[in-house]
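Ligands are counted one by one from 1 in listed order, and the atoms in each one are counted from 1 as well.
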Amino acid sequence: MSSSQKAIGHGGLHPSHLHTIQLYGADERLLTVNVARYIAEGLQLDEAVLVIASPDHTAAFVRQLPLAGIHPDRAVKEQQLTFLDAKRMLDSFMVDGRPDKQLFRNALGSAVRAMRAAQPGAGKRAYGEMAGTLWARDEFAAAIELEELWNEFVPPLGLQLFCGYPINVFDAEFGSADVHSILRSHSRVRAIDEDGDLERAVQRAIDDFAPPDSDPHSIQTAAVPDDVMVPDAEKAILSLRAGRPGHAKDVLSHARHYYQAEKHFRALIENSSDAILLMNPGWEILYASHSTARVLGYAPARIMGTNCLHLVHPADRDNASRTVADALATPRVPLRFEARVRTNVGDWGWVEITVTDLSLDPSVGGIVWNYRDISERKAAEQALRESERRLATRERYLQTLLDSMPDCVKVLGRHGEVLEMNAAGLRMLEADSPQQVIGQCVYPVIDPSNRGAFQALNESVFDGGTGGTLDFSVNGLKGAHRTFETHVVPLRDGADRVIGALSATRDITEREAAVSALRQANESLEQFGYAAAHDLQEPIRNVSLYTELLARRYRGKLDEQASEFMDITVEGARRMQALVSDLLAYTRSLDKPQNELPGTDANGVVAEVLANLRTAIGTTGAEVVCGNLPSLPIYRVHLVQLLQNLVGNALKYRSEDLPHIEISSLERPEEFVITVRDNGIGIPADQTERIFGVFKRLHGRNVAGNGIGLAICQRIISHYEGRIWVESQPGQGSAFMFTLPCRRPLPTQ
Ligand code: ADP
């Protein structure tokens, strides 16, 4: 494109309304941003907005508008915003490559009427790129004519206009006569960017080529149209092109390079996840990147000019000052520190700050602060510290607990090696230090009689077993022999793998000794009782026999008092004989006959008991009811004693009513419960336990008995590890109940 081809003279109609031109060839992205702002501004002022653009640009505006706070769909629906296709509208009024005035008027008229209908009375604005489209097709004259038509028709419509042209300010065409004509048909040129990047780039390029003694700011402005508002950067380029065309090429090639580098740099900064501040040595913030809003919550403009140190937490300010002093002492070297900084909501967020003194770098000229949000990392570190602290406390707590326990707590490996053992465990093994035991196999100290069982239990937990309980003996490292009771369970890791056999072990040496001593004492006592009762029987029988003989032979030959003494002696001897016989029955109550199997059909036993008691049942007129009873885990002889005592008592301690006796059973998962219920005289609540004692009874001589029956019942039931008790109230009858545990091997004699 040569400027001579494009020149059409300097005629034209200068606008009397606001008619803005944007030259976006050097930076198309900025067109999108600026047009979106222009549209948003109009909509916020309730103006009707008309956009005549290419489909590509329209799509870009629609994407950008939400960032400017506008819902484009809603605005279009409410007819506040209208999009028209630039090419289609152009086609409607172009005739032989020239805009036809009448057709243009019609096309414009219908578009504006539509706007007016939507927003009566409101202002109007339009963005258009029809002339820009003609320019792109090199139809420069047509473009200028079209602008002139706009300037002719727009003032009475009260329309503000914004035109986009794909002219690149760095290209040679910017400065051509056609560009001058286009510029003159507008009232102002919109700066290509508002950040001053273009201006800085041009100035820097001019400085690059200026002779050392020349005034770098002397820009010739003769080439700039007087009545058009042109930003400084564009003005400088136009002056260069007009005043020093040969020089302009090199300068603008540098300027283009600087501008693009600046834009790239800016894009990097703005899109960085860090916030970037620039400050001078007096801590004044000179620049804040857009990302400051993301990291710290501040709009960049709000903190520009403020003191950078005030953002830092007071406790971190010394550190910040020191780091900045160090940075100033070592220009260009990035120095890092962590600090809390105040966010816009007033709390403190953790950031990592990198300070670099780039004061000497002309393109920066300050100290750069780079903030990186590390609050998440700090929170994670804090949480980790917390949980470590909690874990340490917990571990201390557990260790104290373990070491203060009287029981041994240990973890063994599959082969019996000791992985862990508390202080009590070391004492039990008679070890002087953990080193003596940890890592060693424990099997050798287990008494050979239990070693196999111990090893089997230990290994079972590694093979899927749930563990178990075992009594075993240990020959300690210093030779002491002791007995322990251990409970072993599998110890699992987070993945549910068994990593050890965890056990709690209690020293039961003393307890075992006490139990054994008690057992022996009981046995001796029993033998003594049995021997006493048994050996007393003979002399007592003789005393009884001979006193009765004496009484019979001398009855009537003695005086009255001697007869009375004789009677008392005879009665005492009888009673003594009965007591000794009961005592013998008690001591022998647990004898079990040879050849008897432990499962007993209770129905058969009841029949036998009723037969034994038939005289008493007959004389009292008692009714005995018995349900179907199960086979019970007890020797027959013991069940006979139990039921005969209970049914016998039910008959003996009857009330005035005819005795009614019920025998029933209940089967629970763990035990059988047998009940003998009567309608007799009942028992006072405070006596219900006492009556199970030896020779304990509630009645005098008027009711036969020695108080041994329930004691025998109690003894038998205890032997089977069951319970016996009575539920009763005086006058309400009694229910004697006893349990027999099922699924348990019967006690051996
Ligand atoms: P004895 O019947 O020889 O006195 P027991 O040991 O069988 O001895 O009973 C102890 C006491 O319990 C009895 O003296 C009696 O007072 C009371 N007793 C036992 N069974 C019953 C019952 N079914 N009803 C009321 N009292 C009873």
Salt bridge present between Arg377 and Glu381 (N-O < 4.0 angstrom): yes
Residue list, ring-ring contact (aromatic ring centres under 6.0 Å, His included) with Trp725, at least two apart or on another chain: none
Contacts of type ring-ring contact (aromatic ring centres under 6.0 Å, His included), residue His660, not counting sequence neighbours: none
Salt bridge flag under 4.0 Å for residues Asp471 and Arg511: no
Protein residues having a heavy atom less than 4.0 Å from any atom of ligand 1: Asn649, Ala650, Lys652, Tyr653, Asp678, Ile681, Gly682, Ile683, Ile691, Lys696, Arg697, Leu698, His699, Gly705, Asn706, Gly707, Ile708, Gly709, Leu710, Ser734, Phe736
Please tabulate, for the side chains in residues 412-426, all donor-acceptor contacts under 3.5 angstrom to protein atoms that are two or more places apart in sequence or on a different chain.
| from | atom 1 | to | atom 2 | distance (Å) |
| --- | --- | --- | --- | --- |
| Arg414 | NH1 | Asp463 | OD1 | 3.3 |
| Arg414 | NH2 | Phe462 | O | 3.4 |
| Arg414 | NH2 | Asp463 | OD1 | 2.8 |
| Glu417 | OE1 | His415 | N | 3.0 |
| Asn422 | OD1 | Val409 | N | 3.0 |
| Asn422 | OD1 | Gly425 | N | 3.1 |
| Asn422 | ND2 | Leu402 | O | 2.7 |
| Asn422 | ND2 | Asp407 | O | 3.1 |

Chi angles and distances behind the salt bridge (Lys or Arg N to Asp or Glu O under 4.0 Å) call for Arg385, Glu388: CA-CA 5 Å; Arg385 269 200 302 279; Glu388 275 172 352; over 6 Å; no
